[in-house]
Amino acid sequence: MIERWTTAVLDTELPGGWAVARGPDGFLHDDNGALFPRHWLKGQDLPLLAEHGIGHLDGEPVYLLELSGRAEVPGCGWKSLRAFMLEGDHTLYKVLGYAAQIGTWAREHRFCGSCGRATVQVPGERAMYCEPCDLRAYPRISPSMIVLVTRGDEVLLARSPRFVSGVYSTLAGFAEPGESAEDCLIREVREEVSIEVRNIQYMGSQCWPFPHSMMLGFHAEYAGGEIVPQEDEIEDAQWFNVHALPPLPASRSIARYLIDLYVARRLGHAEPVLPG
Ligand SMILES: NC(=O)C1=CN([C@@H]2O[C@H](COP(=O)(O)OP(=O)(O)OC[C@H]3O[C@@H](n4cnc5c(N)ncnc54)[C@H](O)[C@@H]3O)[C@@H](O)[C@H]2O)C=CC1
Ligand SMILES: [Mg+2]
Ligand SMILES: [Zn+2]
């Protein structure tokens with residue numbers, strides 16, 4: 001399969017291509033989507049913080065205009081990355097998800113974390129550089145484990161107080177220094193619901209640019225314990241029968257994929273495909 005979208009570090013001195021603009025309210029869009037002719041977009045008097053050449057879409061260069069504040073463009077509106085994830089073209093969402101991660105990282109690494117001096121972008125490399133310290137800051141990626149724990153026909157799902165009302169999802173958490181993926185998974189499940197697991201199986205991964213998680217998805221079997229939801233983090237956790245599931249997470253999430261896959265295997269239905 002030919003990839004429509006590939007990332008690259010492009011020279012911002014070169015003319016042409018497409019551009020996306022990101023401000024405090026998300027990405028600029030109109031009826032045609034979020035990609036605009038770059039020359040036109042740069043003529044819109046936007047409060048530009050930085051420009052990044054981010055890759056190629058269908059062979060055409062794509063740039064990000066990262067803005068320092070709010071702006072209005074006639075005939076256009078602003079839409080959050082999450083809204084692009086939930087609806088619309090998946091390739092466009094991939095472009096915008098990457099753009100968001102690059103924009104956030106570059107914005108947050110304008111100064112050296114060691115000496116406090118201004119950093120510069122390294123030409124041809126995705127790095128912010130402090131010359132006196134010889135220190136490069138690369139885009140930040142935070143590994144997070146996500147796991148569906150099952151017990152026969154039952155799946156363990158939980159709600160965080162941050163979730164949309166009624167929705168239950170798989171357990172997830174960030175890796176800490178010193179942990180393997182499995183260590184992290186076991187700790188997170190213990191912390192969040194006080195359950196022990198066994199037969200941990202890796203199922204697949206997904207980039208989750210909110211703001212920079214890398215989700216590593218697992219399946220695990222229940223091995224013991226009673227559910228005790230973690231105070232403040234977990235509002236409720238329950239075993240749900242595969243025939244009586246609550247409202248579930250968005251269909252493009254790996255959480256949903258892990259649930260749908262288990263249910264499909266249990267019921268002998270066609271297996272879902274993990275959205276990249
Ligand atoms: N794609 C998907 O299907 C899903 C993705 N997620 C994502 O998984 C990630 C982890 O899930 P949570 O339950 O929120 O994590 P968690 O269970 O580790 O708890 C969040 C806490 O971790 C700490 N934290 C925040 N950012 C961190 C980082 N970069 N590294 C280490 N610790 C950090 C903070 O103390 C925060 O309160 C989040 O980004 C969440 O959006 C969660 C569920 C579904
Ligand atoms: Mg968690
Ligand atoms: Zn420095």
request  = Would you please say whether a donor-acceptor pair under 3.5 Å links the side chains of Thr104 and Arg22?
outcome  =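 A pair is found: one side chain offers a donor N or O, the other an acceptor, under 3.5 Å apart.
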
ask   = Can Thr119 and His109 be counted as having a side-chain donor-acceptor contact under 3.5 angstrom?
value =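 Absent: no donor and acceptor within the cut-off.
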
ask   = Using 30° and 60° as the class limits, which term best fits the ring planes of Phe84 and Phe27: parallel, tilted or perpendicular?
value =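 Perpendicular, since the angle between the ring planes exceeds 60°.
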
message = Using 30° and 60° as the class boundaries, would you call the ring planes of His219 and Tyr262 parallel, tilted or perpendicular?
response =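 Plane angle under 30°, so parallel.
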
Kindly work out whether a path of hydrophobic side-chain contacts (I/L/V/M/F/W/Y, heavy atoms less than 4.5 Å apart) joins [X] to [Y].
| X | Y | answer |
| --- | --- | --- |
| Ile54 | Leu35 | yes |
| Ile186 | Val149 | yes |
| Leu274 | Val263 | yes |

ask   = Can you find a pair of side-chain heavy atoms, one from Ile259 and one from Pro249, that are under 4.5 Å apart?
value =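 Yes, their side chains come closer than 4.5 Å.
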
query = Do Thr150 and Val242 have side-chain heavy atoms sitting under 4.5 Å apart?
reply =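 Thr150 does not reach Val242 side chain to side chain.
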
ask   = Quick check: does any side chain N or O of Arg252 sit under 3.5 Å from a backbone N or O of Met85, one acting as donor and the other as acceptor?
value =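 Flag set: sc Arg252 to bb Met85 pair under 3.5 Å.
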
task = Mark yes or no for whether Ser213, through its side chain, and Met215, through its backbone, hold a donor-acceptor pair below 3.5 Å.
result =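 Absent.
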
request  = Verify side-chain contact (heavy atoms from CB on, under 4.5 Å) between Cys130 and Cys115, making sure each step is shown before the conclusion.
outcome  = CA-CA 9 Å; Cys130 175; Cys115 76; 3.7 Å; yes

inquiry  = Between Tyr129 and Leu135, does the side-chain contact (heavy atoms from CB on, under 4.5 Å) criterion hold? Intermediate values first, please.
reply    = CA-CA 6 Å; Tyr129 183 58; Leu135 194 69; 5.8 Å; no

Ion pair check, Arg187 and Glu176, cut-off under 4.0 Å =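 Yes, this pair counts.
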
ask   = In terms of side-chain geometry, is the basic nitrogen of Arg151 or Asp153 positioned less than 4.0 Å from the acidic oxygen of its partner?
value =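 Looking at Asp153 together with Arg151, the answer is no, because their closest N to O distance does not fall below 4.0 Å.
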
